[in-house]
There are 2 protein chains.
Amino acid sequence: MFNQFRNKLPLTDEKWIEYTNHFNRIEVPAKTILLEEGEISKKLFIIEKGCIRVWFNNNGKDLTTQFFFENQSVASIESFMKKFPSPVVIETIESSVLWWISRDDLNKILEEIKEIPEMRDRLFDMLFERTFDYMKHFVSFIKDSPTQRYLNLIKERPQIVQRVPQHYIASYLGVSTVHLSRIKSKLVQKK
Amino acid sequence: MFNQFRNKLPLTDEKWIEYTNHFNRIEVPAKTILLEEGEISKKLFIIEKGCIRVWFNNNGKDLTTQFFFENQSVASIESFMKKFPSPVVIETIESSVLWWISRDDLNKILEEIKEIPEMRDRLFDMLFERTFDYMKHFVSFIKDSPTQRYLNLIKERPQIVQRVPQHYIASYLGVSTVHLSRIKSKLVQKK
DNA sequence: GGCAGACGATAACATTTGTTATTATTTTTT
DNA sequence: AAAAAATAATAACAAATGTTATCGTCTGCC
């Protein structure tokens with residue numbers, strides 16, 4: 001599972017083995033809730049197989065804010081880092097194979113890792129990338145029509161369109177399920 | 001100008017003086033363009049007095065994505081860090097007093113600062129905060145109506161409503177200028 | 001094999017939002 | 001002080017999007 005990271009990270013084999021020992025493998029069915037709303041997040045997950053969505057309840061409707069697939073890590077970051085009650089729910093979409101690590105273990109590892117300049121810079125880069133992603137996403141809301149946002153999604157994150165039920169995608173794009181269905185049928189007509 | 005930071009940063013006086021010497025003070029009138037679209041950003045600005053917006057041209061209309069006020073730092077981050085042509089324009093709204101530092105000088109300082117654990121952690125925290133901010137902003141687009149977003153703005157960033165011309169705020173909220181005007185008049189009626 | 005629930009398409013209607021044009025007011029420039 | 005430019009409100013109409021309801025299909029489960 002972790003081989004994909006191994007080549008990229010400048011760690012000794014001993015360190016590597018020590019770190020990976022902190023991870024725990026679990027298998028869960030579809031629609032498993034990994035973190036409840038209001039719960040304080042204690043685990044960060046890495047997806048070996050499957051997919052996950054992050055959502056929250058807004059006046060009885062659930063709004064999906066993020067999707068995650070293989071090899072991505074997932075947590076309610078604000079809750080995980082700052083020990084706040086999580087504003088969001090983390091839930092599997094497909095049946096999944098996951099690895100999780102506790103906050104304490106991860107923090108210990110992070111503290112060690114930050115001392116290695118190369119790793120530290122990589123962490124900064126990752127954080128920057130995350131920030132850019134959110135920025136782009138926000139910009140697309142003031143720049144693009146819902147139809148354009150859907151086309152962007154097909155192009156840039158085809159996995160979402162292929163693997164995620166449509167009504168989850170609708171709220172992610174900021175439109176109703178009915179309207180997303182309309183968007184799709186109009187696109188088919190034009191072809 | 002930099003006294004506000006001084007107490008918070010664990011640096012020696014010598015280091016402090018060395019660092020602040022890299023900053024240059026300028027005064028510019030309103031509507032001064034600090035970075036053109038397509039230009040590679042070489043300066044990061046700190047605002048002593050005044051305010052700034054970041055915007056880009058989309059099919060002839062300019063869309064504002066960010067506002068900055070006193071004591072905030074401003075750059076087209078992606079362009080500044082990665083030497084990409086800037087996708088955005090940086091422009092003063094009011095006449096302003098600014099301090100700028102070159103990329104090379106800032107990078108040197110950052111490399112030094114990252115070696116101080118306390119400073120390094122502070123940098124991580126700042127980056128995290130930025131990420132959270134964008135996340136919140138994105139969520140408000142799928143969660144809130146334009147009216148609600150405007151009310152949020154009044155509450156959370158009153159400076160924007162007070163100091164920024166309304167047509168810039170409209171695009172920031174993702175609505176037309178006409179509609180923002182309608183939103184305001186409806187809110188007045190309800191009171 | 002049948003049943004229940006999840007999922008998605010569609011129609012009809014209501015509401016929101018955008019567009020274009022006009023006007024008034026304020027601010028800046030000359 | 002006058003002229004020009006920027007800003008904001010409003011009306012009338014067009015287009016986009018939401019809501020509610022209905023129906024059909026598919027899937028997993030017993």
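Predicted, not measured: the structure shown is a model, and the values here were computed from it. Within every chain, numbering begins at 1; the chains are lettered A, B, ... in the order of the sequence lines, protein sequences first and strands thereafter.
For Lys184(A), a side-chain nitrogen or oxygen approaches OP1 or OP2 of dA9(C) to under 4.0 Å. Residue Gln166(A) places no side-chain N or O under 4.0 Å from the OP1 or OP2 atom of dA6(C). Within the structure, every side-chain polar atom (N or O) of Lys31(B) is placed at least 4.0 Å from both OP1 and OP2 of dT27(C).
Distance, Asp144(A) CG to dG18(C) P: 14 Å, rounded to whole Å. What separates NZ of Lys186(B) from P of dT15(C) is a distance of 11 Å, to the nearest Å. Rounded to an integer number of Å, the gap from CG of Leu173(B) to P of dT16(C) is 17 Å.
Under 3.5 Å, the side chain of Arg182(A) and the base of dG18(D) form at least one donor-acceptor pair of N or O atoms.
Nearest to the side chain of Val178(A), among dT10(C), dT19(C), dG8(C), sits dT10(C). Side-chain proximity of Ser176(B) to the nucleotides dT19(D), dT10(D), dT19(C) is greatest for dT19(C). When the nucleotides dT7(D), dT17(C), dT17(D) are ranked by their closest atom to the side chain of Pro165(B), dT7(D) comes out on top. Side-chain proximity of Ser181(A) to dA9(C), dC7(C), dA12(C): nearest is dA9(C). Nearest to the side-chain atoms of His167(B) among the listed nucleotides dG8(C), dT7(D), dG18(D) stands dT7(D).
At a threshold of 4.0 Å, the pair Glu129(A)-Lys136(A) does not count as salt-bridged, since none of the basic side-chain nitrogens sits closer than that to a carboxylate oxygen.
Within a 6.0 Å radius of NZ in Lys61(B), other residues, nucleotides and ligands contribute 12 heavy atoms or fewer.
A side-chain hydrogen bond (donor to acceptor under 3.5 Å, both in side chains) with Asn152(B) is found for one member of Gln148(B), Arg149(B), Glu156(B) and no other, namely Gln148(B).
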